[in-house]
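Report on the following structure.
Bear in mind the structure is a predicted one, so any value in this text is a computation, not a measurement. In each ligand, atom 1 is the first atom listed, and ligand 1 is the first ligand listed.
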Amino acid sequence: MCGIVGYIGKNNTKQILLDGLKELEYRGYDSAGIAVLQNGKFSSYKAIGKLVNLKEKTSDFITEGFAVGIGHTRWATHGKPTELNAHPHIGESSYVVHNGIIENYAKLKKELMSSGVSFLSQTDTEVIVHQFEKNIKSSTNAFEAFSKTIKELDGAYAILLTTISEPDTIFFAKHGSPMLFGRNKDGEKYFASSDTPLMGQASEVNYFEDGDYGYVNESEIFIFDKNKNKKDAIYKKISQNKLSAQKDGYRFFMEKEIYEQSSVISDTLMGRLNDEEIVFDELDENFFEGINEIKLCACGTSYHSALSASYLFERYAKIRTSVEIASEFRYREPMMQKDTLFIVISQSGETADTLETLKMAKKAGLRTLVICNVDNSSMVRLADATILTRAGIEKGVASTKAFATQVTIFWMMSLYIARIKNTLASKEIARQISLLREVPASVKVSDEMHEKLKRLSKRYLHGHGFFFIGRDIFFPLALEGALKLKEISYLHAEGYPSGEMKHGPIALADPELFTIALLPEHLHYEKSKSNVEELSARDATICAISSKEFDKADDFIAISKCKDYMLEFFEMMVVVQILSLEISIRLGNDVDMPRNLAKSVTVE
Ligand code: AGP
């Protein structure tokens with residue numbers, strides 16, 4: 001999704017903008033650009049493709065002394081990924097960058113065009129800068145024109161605008177898309193879509209609320225809320241540790257993040273396990289009082305972890321649980337009962353569809369909880385309560401460690417509710433807590449396993465599709481395995497419940513149909529095995545993952561003998577992640593930034 005950076009200061013503005021954009025690469029983009037206002041003159045550069053192209057274009061451009069700059073990575077929504085459509089967009093004497101969607105842009109564009117304004121791009125964003133320049137003609141100053149402009153926009157946005165008449169100022173507005181402001185003791189000012197570009201630059205940051213707008217100049221910041229009331233910035237310290245955001249010698253961030261799962265799960269568990277109970281300090285003692293049902297809502301990988309939760313919640317906590325895809329839920333006029341706890345799950349905490357459902361639930365008066373990896377994200381700020389997954393920065397577009405920590409939280413939560421509702425014997429809760437302590441070890445990647453998957457991957461680069469199959473909680477894992485593979489290999493893959501194959505998909509069975517079969521020894525083994533045998537009998541190529549030898553498999557990946565199906569779940573999760581990674585590497589794809597995808601989907 002688009003990323004924004006801004007800078008006011010005396011340092012090397014060009015480099016600061018390019019470095020900031022680099023930190024936002026993980027959000028996904030197809031073009032990039034910067035505009036710098038220095039000594040009363042604008043310079044702007046844009047390039048399609050990776051940032052290295054923009055870097056090349058700006059190689060002769062030097063910024064020295066005080067300057068104001070804005071930069072943008074664009075993920076196309078309106079108009080193709082071309083240089084003309086890349087941001088910043090120019091008016092007569094101003095530049096704008098924008099993340100989000102201006103829903104009424106067609107109407108505004110028509111009006112502007114009928115008054116003689118010509119447009120260079122096909123984007124919705126360009127209307128902002130022209131509307132601003134139209135308004136400036138009837139305003140006493142640039143800020144008045146900017147405020148008028150913001151009020152005329154419908155949709156979601158994070159906007160930065162600079163104009164020649166205010167050469168030390170950046171105008172900003174935030175509504176529905178993320179943006180924060182940072183500063184340091186040298187008086188430098190920064191804007192960005194997320195924390196990462198500001199680490200090591202700013203010492204403290206202010207997260208804007210929806211509806212905030214205003215301006216920042218060399219000496220001060222003015223923020224107004226949606227009701228035009230002036231408000232103060234609320235500064236928080238920002239972590240300066242960038243190390244964790246680097247690749248640490250791994251080929252890809254995704255690979256590093258798979259290997260990190262053991263330590264981040266330890267972090268997720270830290271302080272939350274007693275011998276006999278789960279402790280969530282972030283939840284009020286009475287948080288579950290009066291709750292008779294749980295509704296989980298999310299997108300993509302987070303949706304898959306929510307599906308896993310539904311098995312655990314009903315099995316252990318005996319609480320009615322339903323799971324919703326956020327983009328569907330928000331438009332289907334759903335029934336919402338006050339005794340339902342509404343849980344949203346999101347790595348980023350910014351996914352537009354999920355955020356919207358959280359707003360709906362709040363409006364309907366439901367108690368809300370977010371399971372999230374990013375503190376201070378929009379969802380965290382909105383929900384009644386938050387449980388942070390503590391996975392650390394996840395840069396690979398294909399989510400891995402976020403999923404692992406989400407499922408860990410849900411397993412803990414099912415035991416937490418089970419204790420409150422008295423649905424599991426204390427001895428069983430204690431047994432499962434000791435199993436939870438084994439998860440960090442169960443997700444450790446052995447060299448032997450990685451080597452085996454690397455070798456095996458060369459046999460799975462063709463064919464007419466993959467089916468990942470599993471039963472019970474292994475069905476969401478099958479869905480997640482298939483999503484991982486299709487995201488980064490661009491091969492067709494589906495996740496399916498093993499028992500459902502005979503109701504249609506088995507018609508596809510032939511040697512070119514690859515079945516990745518999840519066969520946990522401790523959960524419905526015999527049933528799952530017969531489903532795989534049905535496929536094997538029809539000549540499908542079977543790659544079985546299990547701790548039990550399976551002679552009908554063409555390829556067999558052995559996981560270790562575990563005490564419980566949940567430990568098998570975590571071991572198999574690592575196997576499907578690495579298998580996808582190795583297939584993608586062999587196909588020569590960009591593992592961390594797969595085509596057409598964005599890390600944080602902040603438009604619907
Ligand atoms: C996962 O690999 C994805 N790229 C994607 O499905 C992601 O999980 C989804 O967009 C939801 O994101 P969130 O967890 O940040 O809300």
Side-chain angles (χ1 to χ4, degrees), residues 1 3 24-29 75 176-178 193-196 252-255 257-258 261 296-309 323-330 343-359 369-380 382-383 386-407 409-410 468 476-477 479-490 493 495 573 576-578 580-581 584 589-604:
M1 207 54 38
L24 295 175
E25 268 195 315
Y26 70 95
R27 295 166 68 87
Y29 67 105
W75 189 71
S177 298
S193 303
S194 76
D195 287 355
T196 33
F252 295 95
F253 280 110
M254 182 188 177
E255 184 176 35
E257 286 157 8
I258 293 171
Q261 291 180 123
L296 300 139
C297 195
C299 304
T301 288
S302 297
Y303 168 74
H304 297 153
S305 81
L307 276 177
S308 315
V323 189
E324 309 276 354
I325 290 179
S327 56
E328 281 298 303
F329 187 73
R330 60 186 287 199
I343 306 183
V344 286
I345 306 95
S346 174
Q347 187 284 128
S348 61
E350 302 294 348
T351 303
D353 286 321
T354 311
L355 182 59
E356 250 349 275
T357 66
L358 177 59
K359 289 180 188 164
L369 170 67
V370 58
I371 310 297
C372 191
N373 194 35
V374 181
D375 199 4
N376 288 312
S377 58
S378 302
M379 286 182 220
V380 169
L382 197 65
T386 299
I387 295 182
L388 291 174
T389 45
R390 305 178 183 162
I393 295 171
E394 190 180 62
K395 286 207 165 190
V397 166
S399 182
T400 50
K401 60 177 181 168
F403 175 77
T405 52
Q406 287 167 350
V407 178
I409 292 282
F410 283 133
F468 285 68
L477 182 58
L479 286 171
E480 178 56 11
L483 179 65
K484 286 294 82 84
L485 185 68
K486 66 187 144 201
E487 279 187 296
I488 59 175
S489 72
Y490 321 141
M573 173 196 79
V576 296
Q577 291 169 341
I578 294 186
S580 302
L581 172 84
S584 169
N589 298 341
D590 186 341
V591 171
D592 286 331
M593 275 175 279
R595 68 184 186 200
N596 306 336
L597 296 181
K599 181 68 184 163
S600 180
V601 186
T602 49
V603 292
E604 64 173 310

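In terms of N/O distances under 3.5 Å, ligand 1 is approached by V397. On a distance-only criterion, Q347 and ligand 1 share at least one N/O pair closer than 3.5 Å. The shortest N or O to N or O distance between S399 and ligand 1 is below 3.5 Å.
Partners of R390 according to the salt bridge (charged side-chain N to carboxylate O under 4.0 Å, His left out) rule, which considers only residues two or more places apart in sequence or in another chain, do not exist here. Remark: E487 engages K484 in a salt bridge (charged side-chain N to carboxylate O under 4.0 Å, His left out) (not counting sequence neighbours).
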Verdict with reasoning, Q406 to H304, per side-chain contact (heavy atoms from CB on, under 4.5 Å)
CA-CA 10 Å; Q406 287 167 350; H304 297 153; over 6 Å; no
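Every atom of ligand 1 with a heavy atom of S346 under 4.0 Å away is listed here by number and element: 13 (P), 14 (O), 15 (O), 16 (O). Atoms of ligand 1 found under 4.0 Å from any heavy atom of T301, numbered from 1 in the order shown, are 1 (C), 2 (O), 6 (O), 8 (O). For ligand 1, the atoms closer than 4.0 angstrom to any heavy atom of K484 are 1 (C), 2 (O). Residue contact check: A398 has heavy atoms under 4.0 Å from atoms 2 (O) of ligand 1. If you number the atoms of ligand 1 from 1 as listed, the ones under 4.0 Å from a heavy atom of S302 come out as 8 (O), 13 (P), 14 (O).
When hydrogens are left out, the protein atom nearest atom 3 (C) of ligand 1 is E487 OE2, 3.1 Å; that is the closest non-hydrogen contact. At the top of the distance list for atom 12 (O) of ligand 1, counting protein heavy atoms only, stands T351 OG1, 3.4 Å.
The closest donor-acceptor contact from the side chain of E257 to the backbone of G396 lies under 3.5 Å. Under the 3.5 Å distance criterion, the side-chain polar atoms of Y490 are left unmatched by any main-chain donor or acceptor of N589.
Distances shorter than 4.0 angstrom do not occur between any heavy atom of K599 and any atom of ligand 1.
Note on K395 versus D592: no salt bridge recorded, every NZ/NE/NH1/NH2 to OD/OE distance being 4.0 Å or above.
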